[in-house]
Amino acid sequence: MNTTKTTTAPSTILSKGKSCLNKGEVALVGSGPGDAELLTIRAMRFIEQAEIAIYDRLVSEEILALLPEDCERFYVGKEQAKHCVPQDKINQILVEQAKLGKKVLRLKGGDPFIFGRGGEEAEYMLERGVSCHICPGITAASGCTTYAGIPLTHRGVAQGCTFITGHIQNNGQLNLPWSSLSCKTQTVVFYMGINTLPKIAEQLVAHGRDANTPAALIRKGTQPEQKTYRGTIGNLAELVEKHNITPPTLIVIGDVVNQLTEQQLSTPGFLDANDYVQAQEIKTA
């Protein structure tokens with residue numbers, strides 16, 4: 001008895017319409033920290049279908065180049081203390097464009113639901129009858145540290161990590177749970193904290209973190225311009241002044257900072273075995 005078994009190629013399975021963006025809907029998509037190779041397959045599908053893209057400042061040019069040629073672009077980027085388009089207006093634009101029957105792509109840096117106000121935008125749209133697809137992206141804390149050769153957790157060194165915003169609140173204060181950030185075996189990553197770095201360092205030390213704790217500043221992580229500046233909690237502010245470091249920059253606190261390498265990676269995301277061996281020989285010399 002002859003039997004025939006039919007198999008479906010993985011590419012065929014992936015091509016089926018799991019991520020179909022219909023007219024009048026919004027795709028809320030995380031574009032990750034900048035490197036287009038970190039986009040998910042789902043994100044690419046929505047990008048390819050977009051008729052209008054409403055995008056943020058931290059969406060890289062490499063990713064914007066993937067938009068269809070006939071896709072309309074609408075920039076709504078924000079900078080600290082400088083909003084090109086207020087959030088309320090962004091919400092309105094999303095609903096207006098969807099109500100016009102367009103396939104709307106809301107393209108955000110990192111992950112929409114991690115310091116991206118994606119939840120607010122989704123809630124606003126749903127309340128006004130607009131359906132939205134949600135597409136996660138690699139958040140900056142994960143992508144940038146990995147591309148810098150810094151593991152957020154490492155057995156015997158760091159058993160947990162915390163992502164937190166260093167952005168000053170409307171009351172002008174930096175009200176953070178400082179005591180919960182003092183554990184030596186916890187990695188802490190601050191988003192939007194470069195302008196409040198002196199205060200962050202001061203409060204971490206005041207609440208129990210050793211001033212000599214390894215720390216790093218990662219600017220434009222995962223992108224060709226990526227730079228990593230390593231130091232300690234005590235001298236981070238000096239590094240900012242010395243190198244004129246500006247946003248977008250992540251602050252990483254914890255012993256994991258120097259776990260794999262203390263060098264600037266010549267190729268972001270690539271750990272050279274030769275460099276590692278040489279570094280170990282220097283340490284033991």
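All values reported here derive from a predicted model rather than from experimental measurement.
Looking at Leu38, Thr267, Thr228 one by one, the single match for side-chain contact (heavy atoms from CB on, under 4.5 Å) with Tyr147 turns out to be Leu38.
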Using a 3.5 Å cut-off and no angle test, enumerate the donor-acceptor pairs between side-chain atoms of residues 103-110 and protein atoms at least two apart in sequence or in another chain.
unit_1	atom_1	unit_2	atom_2	d
Arg106	NE	Glu121	OE1	3.0
Arg106	NE	Glu121	OE2	3.4
Arg106	NH1	Ile54	O	3.2
Arg106	NH1	Asp56	OD1	2.9
Arg106	NH2	Asp56	OD1	3.0
Arg106	NH2	Glu121	OE2	3.0
Lys108	NZ	Gly116	O	2.8
Lys108	NZ	Glu121	OE2	3.1

Under 3.5 Å, sequence neighbours excluded: what are the donor-acceptor pairs made by side chains of residues 154-166?
unit_1	atom_1	unit_2	atom_2	d
His154	NE2	Gln259	NE2	3.4
Thr162	OG1	Gln186	OE1	2.3
Thr165	OG1	His167	N	3.1

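Between Leu265 and Leu271, the closest side-chain pair of non-hydrogen atoms falls below 4.5 Å. Between Leu174 and Ile200, the closest side-chain pair of non-hydrogen atoms falls below 4.5 Å. Two residues are said to be in side-chain contact when any heavy atoms from C-beta on lie closer than 4.5 Å; Ile218 and Ile150 meet this criterion. Cys135 has its side chain within reach of Phe46: a pair of non-hydrogen atoms, C-beta onward, lies under 4.5 Å apart. Side-chain contact between Val257 and Arg230 is present, with at least one heavy-atom pair separated by less than 4.5 Å. Looking at heavy atoms from C-beta onward, Pro151 lies out of side-chain contact with Thr145 at the 4.5 angstrom threshold.
Arg219 and Thr246 share a donor-acceptor pair across their side chains, judged by distance under 3.5 Å alone. Inspection of the Ser182 and Arg209 side chains reveals no N or O donor paired with an N or O acceptor under 3.5 Å.
Within the model, atoms NZ of Lys102 and CD of Glu72 stand 4.5 Å from one another, a figure rounded to the nearest 0.5 Å. Atom CD1 of Ile47 sits about 8.0 Å away from atom OG1 of Thr40, to the nearest 0.5 Å. In this structure, CD1 on Ile52 lies 7.5 Å from SG on Cys71, to the nearest 0.5 angstrom. To the nearest 0.5 Å, the span separating OG1 on Thr261 from OH on Tyr276 amounts to 9.5 Å.
Not counting sequence neighbours, Glu123 has no partner by the salt bridge (charged side-chain N to carboxylate O under 4.0 Å, His left out) test. Here Lys242 pairs with nothing under the salt bridge (charged side-chain N to carboxylate O under 4.0 Å, His left out) rule; sequence neighbours left out. By the side-chain contact (heavy atoms from CB on, under 4.5 Å) test, Glu238 is found to be paired with Asn235, residues two or more places apart in sequence or in another chain being considered. Residues satisfying the ring pair (Phe, Tyr, Trp, His ring centres under 6.0 Å) test with Tyr124, not counting sequence neighbours, are none. For Lys220, the salt bridge (charged side-chain N to carboxylate O under 4.0 Å, His left out) test picks out Glu225, with sequence neighbours left out. Applying the salt bridge (charged side-chain N to carboxylate O under 4.0 Å, His left out) rule to Lys184 yields the partners Asp255; only residues at least two apart in sequence or on another chain are considered. Partners of Glu96 under the side-chain contact (heavy atoms from CB on, under 4.5 Å) rule, at least two apart in sequence or in another chain, are Gln92. By the side-chain contact (heavy atoms from CB on, under 4.5 Å) test, Leu217 is found to be paired with Ile194, Leu197, Tyr229, Leu236, Leu239, Val240, Ile245, Thr249, Ile251, residues two or more places apart in sequence or in another chain being considered. Glu62 meets the side-chain contact (heavy atoms from CB on, under 4.5 Å) test with Asp35, Ala36, Ser60; sequence neighbours excluded.
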Apply side chain to side chain contact (heavy atoms under 4.5 Å, CB included) to residues Leu64 and Arg73 and explain how you reach the verdict.
CA-CA 9 Å; Leu64 290 175; Arg73 299 185 183 192; 3.9 Å; yes
Under the side chain to side chain contact (heavy atoms under 4.5 Å, CB included) rule, what do Leu94 and Val130 come out as? Steps first, then yes or no, please.
CA-CA 9 Å; Leu94 291 171; Val130 174; over 6 Å; no
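Separation of the Tyr75 and Tyr55 ring centroids falls under the 6.0 Å cut-off.
With hydrogens and angles ignored, the 3.5 Å screen pairs a side-chain donor or acceptor of Thr196 with a backbone N or O of Gly193.
Looking at every heavy atom in both residues, Ala141 comes nearest to Val189 through CB-CG1, 3.7 Å. The two residues Ile233 and Ala215 make their nearest non-hydrogen contact at N-CB, 3.9 Å.
The neighbour count for Glu127 CD, taken as heavy atoms of other residues, nucleotides or ligands under 6.0 Å away, is above 12.
Hydrophobic clustering places Val95 together with Val26 (ILVMFWY residues linked when any side-chain heavy atoms are closer than 4.5 Å, directly or through intermediates).
Taking Ile, Leu, Val, Met, Phe, Trp and Tyr as hydrophobic and joining them when side-chain heavy atoms fall under 4.5 Å apart, one finds Leu100 isolated, its cluster having no other members.
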